[in-house]
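This report refers to the structure that appears directly beneath it.
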Amino acid sequence: MRKPFIAGNWKMNMTAESGAALIKELTPLVKDADCDVALCVPAILIPAMTKAAEGTNIAIGAENMHWEAKGAYTGEISADMLKEYGVKYVIIGHSERRQYFGETDETVNKRTKAVLAAGMTPIMCVGETLDERENGVTEKILSRQLTVDLEGVEDVTKVVIAYEPVWAIGTGRTATNEQAQETIAYIRKKIGELFCPKCAEKVIIQYGGSMNAANCKGLMAQPDIDGGLIGSASLKKEFAQIVNYNKYWEN
Ligand code: 13P
């Protein structure tokens, strides 16, 4: 009942030229995907990538968005700017933004609500650090993040959640299938408590953190894992293998 959703997060990688070339390479490889497919790209690449992906099943997303409609916010991007190019998805609250750019649960909440109000889908990221996992406070951290980040959201089924354990991002250290399943099941349960159990059953929850062609099958086989948010493996052809996680792939 939940349609799987595989999204890439290019972060601060690619150029208009290399990005368009990758989309061209990926297009025939992902066209028969059974899941929804998106690439979230740096804001400056959105016009060119939208053009490159025209007529394909690859949706183009953004990596961040400001909560105000317009104004004196140097360096920020508004909902209207994204919508002008048909952007459908916006990553909000990625741990790199929380870690390096002062993003807090309060700003994540404001951005999430603004994306929803603009009719787009936030891919809202949550996840614990290594210290937090080792100290046994993973659920406590996730509970706080979900409670504050989703506060005042009217329809939680319109939010995609990406569970990205910070210790698994860019480290090559993926959560085991069991760890990812257990934690995502907790996230679903918490959403059920905050909203309603029936809504929680409808929420798409992705796993993110060193997900690749080799480990995607096992992760996607878990009952609560509905997709992936892919960093480095979305910068190459390998992304198509992840999108086709449920199909036989000839190298
Ligand atoms: P990696 O796949 O490079 O670990 O990045 C994951 C991520 O942060 C996606 O948002």
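Order of appearance sets the numbers: ligands from 1, and atoms from 1 within every ligand.
- Contact analysis leaves Ser234 out of contact with ligand 1, as no non-hydrogen atom separation drops below 4.0 angstrom.
- Which parts of ligand 1 touch Ala168 is read off a 4.0 Å heavy-atom cut-off, strictly below it: atoms 4 (O).
- The parts of Leu229 lying near ligand 1 are both backbone and side chain, judged by heavy-atom distances below 4.0 Å.
- Taking atom 7 (C) of ligand 1 as the reference point, the nearest protein heavy-atom neighbour is Glu164 OE2, 3.2 Å.
- Ligand-side atoms of ligand 1 in range of Ser210: 1 (P), 2 (O), 4 (O), range being under 4.0 angstrom from any heavy atom.
- Note: an N/O pair closer than 3.5 Å links Ser232 and ligand 1 by distance alone.
- In the model, Thr104 has no side-chain atom that pairs as donor or acceptor with a side-chain atom of Arg97 under 3.5 Å.
- Note that the OG1 atom of Thr183 and the CD atom of Glu139 stand 7.5 Å from one another [nearest 0.5 Å].
- Protein heavy atom closest to atom 5 (O) of ligand 1, with residue, atom name and distance, is Lys11 NZ, 3.2 Å.
- For ligand 1, the atoms sitting less than 4.0 Å from at least one non-hydrogen atom of Gly209 are 4 (O), 6 (C), numbered in the order shown with element in parentheses.
- Checked for salt-bridge contact, Asp149 and Arg98 meet the test: a charged N lies under 4.0 Å from a carboxylate O.
- Proximity of Ala233 to ligand 1, defined as any heavy-atom pair under 4.0 Å, is not found for any part of the residue.
- Looking at ligand 1, you'll find an N or O of Gly170 within less than 3.5 Å of one of its N or O atoms.
- There is a side-chain donor-acceptor pair under 3.5 Å between Thr107 and Glu103.
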*Verdict with reasoning, Gln181 to Tyr186, per side-chain hydrogen bond (donor to acceptor under 3.5 Å, both in side chains)*: CA-CA 9 Å; Gln181 163 57 29; Tyr186 170 76; over 6 Å; no
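- In the displayed structure, Glu201 atom CD is contacted under 6.0 Å by more than 12 heavy atoms of other residues, nucleotides or ligands.
- Between His94 and ligand 1, a contact under 3.5 Å exists for at least one N or O pair.
- Remark: ligand 1 and Gly231 share an N or O pair separated by less than 3.5 Å (distance only, no angle test).
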*Show your working on side-chain hydrogen bond (donor to acceptor under 3.5 Å, both in side chains) between Thr157 and Asp155 and close with a plain yes or no.*
CA-CA 5 Å; Thr157 66; Asp155 185 356; 2.5 Å; yes
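- Here CE of Met49 is found 10.5 Å from CD1 of Ile44. Values are rounded to the nearest 0.5 Å.
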